[in-house]
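Encoded as structure tokens, the structure appears first; notes follow it.
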Amino acid sequence: METFPKIISVDDHTVEPPNVWRDRLPSKYQDIGPRVVRAPLKEMTFMGGKFAPVMGAKGDDGPIGDWWVYEDLHRPLTRLDTAVGYDRDEIKLEVITFEQMRPGSFSVPERLADMDVNHVQSALCFPTFPRFCGQTFTEAKDRELGLLGVRAYNDWMVEEWCGPEARGRLIPLTLIPLWDAELAADEVRRNAARGVRAVAFSEIPPYLGLPSVHSDDWDPLLRACDETGTVIAMHIGSSSKMPSTSADAPPAVGSTITFANCCFSMVDWLMSGKFERFPNLKIMYAEGQIGWMPYILERADVVWEENRGWGGVADKVLRPPSELFAEHVYGCFFDDAFGLKNLDAIGVGNVLYETDYPHSDSTWPKSREVGESQMGHLPPDVVDRIVRGNAIELLGLTAEGLWAGP
């Protein structure tokens with residue numbers, strides 16, 4: 001392509017600096033709130049979609065890494081958290097320290113520099129330590145501390161990560177206390193008042209022990225998102241259960257089928273009736289890719305047409321699911337040639353681009369080249385919509401593709 005639009009990535013990641021919670025929590029929580037310690041690794045496995053690290057004691061043998069410690073949780077920083085700049089065959093499941101990370105993982109100036117290298121103008125970033133929708137705080141014992149932890153993260157996200165130093169190029173994505181839909185709605189409104197237009201949510205809440213989207217339990221949250229124009233952003237793995245086939249399946253199996261939870265989740269939403277009740281609601285699937293969507297939409301329409309009488313949706317899903325999809329759902333991809341070849345069956349207005357920086361799947365620093373290769377058959381105006389236009393509209397950015405702030 002002669003010109004390729006400046007990318008607005010709707011799925012990148014931030015690695016939180018060590019002081020995020022120490023600077024913002026009351027002093028009584030300093031010893032149990034999230035903090036970083038340096039310690040050896042005793043053992044670590046990632047099989048059957050389950051990540052299981054064990055921290056060693058000071059003086060033990062084993063590779064040294066930086067660990068987030070919170071209540072009884074010990075979560076190491078790993079090479080998979082920040083893999084850009086490494087050869088694919090060198091990326092292993094290993095613990096690392098902040099010094100061994102690419103600085104753009106956690107530092108705003110270096111992040112902007114790495115975005116420049118990658119032809120990226122703006123980026124929406126998901127968390128690391130809280131996990132993709134704040135499960136870390138949801139699973140904690142102390143709910144008061146958990147709520148403070150969520151709010152502290154959101155304050156850091158809005159005021160520092162996306163603060164003046166970012167010059168509008170970093171787009172805030174906030175968390176909610178998933179264990180209480182009323183508190184979640186309050187947090188959505190608090191952040192919407194300062195310009196936030198996206199909130200992280202679980203792709204399959206029952207996997208976290210939470211109500212499904214078929215229930216009415218989430219209505220306060222959905223109403224808040226509907227009324228404030230806040231997009232519900234669901235990342236793969238936001239149900240704390242990556243797709244797999246067996247307990248002994250290697251990570252490569254799960255990595256191939258990462259889209260599966262997004263697929264299940266999208267059918268949940270399309271058959272839930274929520275889009276009928278909350279007509280302004282928008283949802284997006286980060287890192288879920290898009291090539292699987294046409295068949296699911298075809299199948300959902302057939303089921304709705306032929307089986308809705310006994311399928312439990314006749315009284316709440318009043319239009320074909322594909323029509324609801326067109327108005328409410330966005331798929332996000334970073335490398336999906338098949339999906340782009342079938343774009344007409346998905347919808348030009350329902351697709352967003354991402355780079356996944358700094359994860360192991362990231363196309364950095366060649367996101368432009370990947371995009372040019374896979375979108376070369378598309379008209380320039382369609383490419384512009386996919387690469388930036390749809391994101392500008394969905395996230396309420398300025399015409400230049402920047403976050404305007406409060």
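Nothing here was measured: the structure is a model prediction, and the numbers come from that model.
Salt-bridge annotation for Asp72 and Lys141: present, with a side-chain N of the basic residue lying under 4.0 Å from a carboxylate O of the acidic one. The residues Arg75 and Asp66 are annotated as not salt-bridged, no charged nitrogen and carboxylate oxygen being separated by less than 4.0 angstrom. Using a 4.0 Å cut-off between charged nitrogen and carboxylate oxygen, Glu159 and Arg194 count as a salt-bridge pair. The residues Glu372 and Lys366 are annotated as not salt-bridged, no charged nitrogen and carboxylate oxygen being separated by less than 4.0 angstrom. By the 4.0 Å N-to-carboxylate-O rule, Glu393 lies too far from Arg388 to be salt-bridged with it. The pair Glu187-Arg151 meets the salt-bridge criterion, since a charged nitrogen lies less than 4.0 angstrom from a carboxylate oxygen.
Closest non-hydrogen pair, Ser362 versus Thr355, comes out as OG-O, 2.7 Å. Of all heavy-atom pairs between Ala200 and Leu173, the closest is N-CD1, 3.7 Å. Nearest heavy-atom pair across Pro17 and Phe106 is CG-O, 3.8 Å. Contact record, His359 with Leu80: CD2-O, 3.7 Å, taken as the closest heavy-atom pair. Considering every non-hydrogen atom in both Thr14 and Trp156, the closest pair reads OG1-CH2, 3.4 Å. The shortest non-hydrogen separation linking Leu394 to Met284 is CD2-SD, 4.4 Å.
In this structure the side chain of Ser240 reaches within 4.5 angstrom of the side chain of Arg131, judged on heavy atoms. Contact annotation: the side chain of Leu297 approaches that of Met266 to within less than 4.5 Å [non-hydrogen atoms, C-beta and beyond]. The side-chain heavy atoms of Cys125 and Trp161, taken from C-beta on, include a pair separated by under 4.5 Å. By the 4.5 Å heavy-atom criterion applied to side chains, Ile7 and Phe4 are counted as neighbours. Met293 is not listed as a side-chain neighbour of Glu298, based on a closest heavy-atom distance of 4.5 Å or more. Within the 4.5 Å cutoff, the side chain of Val317 has heavy atoms near those of the Trp304 side chain. Taking 4.5 Å as the limit, every side-chain heavy atom of Glu71 sits out of range of all side-chain heavy atoms of Thr136.
The side chain to side chain contact (heavy atoms under 4.5 Å, CB included) test with Thr174 singles out one residue from Val150, Asp155, Val158, Val188, and that residue is Val158.
Using modelled atom types, one side-chain atom of Gln30 and one backbone atom of Leu25 make a donor-acceptor pair closer than 3.5 Å. Side-chain N or O atoms of Trp68 include none that pairs as donor or acceptor with a backbone N or O of Pro34 at under 3.5 Å.
For Glu354, there are no salt bridge (Lys or Arg N to Asp or Glu O under 4.0 Å) partners, not counting sequence neighbours.
The distance from the CE atom of Met234 to the SG atom of Cys133 is 10.0 Å, given to the nearest 0.5 Å. The CE atom of Met157 sits 3.0 Å away from the OH atom of Tyr153 when rounded to the nearest 0.5 Å. Ile32 CD1 to Asp142 CG: the interatomic distance, rounded to the nearest 0.5 Å, is 5.5 Å. Rounding to the nearest 0.5 Å places CZ of Arg167 at 5.5 Å from CG of Leu112. Atom CD1 of Ile290 is separated from atom CD1 of Ile346 by 4.0 Å, given to the nearest 0.5 angstrom. In this structure, CD1 on Ile8 lies 9.5 Å from CE on Met115, to the nearest 0.5 angstrom.
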>> Using side chain to side chain contact (heavy atoms under 4.5 Å, CB included), reason through Leu221 and Phe201 one step at a time and then give a plain yes or no.
In response: CA-CA 10 Å; Leu221 168 65; Phe201 190 67; 3.8 Å; yes

Next item on the list: May I have the step-by-step check of side chain to side chain contact (heavy atoms under 4.5 Å, CB included) for Leu170 and Asp12, ending in yes or no?
Entry: CA-CA 10 Å; Leu170 295 173; Asp12 286 358; over 6 Å; no

_Run Lys42 and Asp60 through salt bridge (charged side-chain N to carboxylate O under 4.0 Å, His left out) and show every step you take._
CA-CA 8 Å; Lys42 186 174 182 180; Asp60 286 352; over 6 Å; no

ask   = side chain to side chain contact (heavy atoms under 4.5 Å, CB included) between Ser202 and Leu210: does it pass, once the steps are laid out?
value = CA-CA 10 Å; Ser202 174; Leu210 299 170; 5.7 Å; no

**Item:** Steps toward side chain to side chain contact (heavy atoms under 4.5 Å, CB included) verdict (Val15, Phe129)
**Value:** CA-CA 7 Å; Val15 176; Phe129 166 70; over 6 Å; no

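A salt bridge (charged side-chain N to carboxylate O under 4.0 Å, His left out) check over residues 218-234, counting only residues at least two apart or in different chains, returns the pairs Arg189-Glu227, Asp219-Lys274, Asp219-Arg277. Residue pairs that meet the side-chain hydrogen bond (donor to acceptor under 3.5 Å, both in side chains) test with at least one member in residues 329-344, sequence neighbours left out, are Asp335-Gln374.
Here the two rings, on Tyr353 and Phe334, have centers that are 6.0 Å apart or farther. Ring centroids of Phe132 and His13 are separated by less than 6.0 Å, placing the two rings close together. Aromatic rings from Tyr70 and Phe137 are positioned such that their centres are separated by under 6.0 Å.
Side-chain contact, Arg169 with Gln121: no donor N or O sits under 3.5 Å from an acceptor N or O. A side-chain donor from one of Ser367 and Asn118 sits under 3.5 Å from a side-chain acceptor of the other. Under the 3.5 Å distance criterion, with hydrogens and angles disregarded, a donor-acceptor pair is assigned to the side chains of Ser105 and Thr82.
A cation-pi contact, defined as under 6.0 Å to the ring centre and within 45° of the axis, is absent between Arg24 and Trp21.
Counted within 6.0 Å of CG on Asp87, heavy atoms from surrounding residues, nucleotides or ligands total more than 12; the atom is thus considered enclosed.
Between Trp292 and Tyr285, the angle of the ring planes goes over 60°, which puts this pair in the perpendicular group of the 30/60° scheme.
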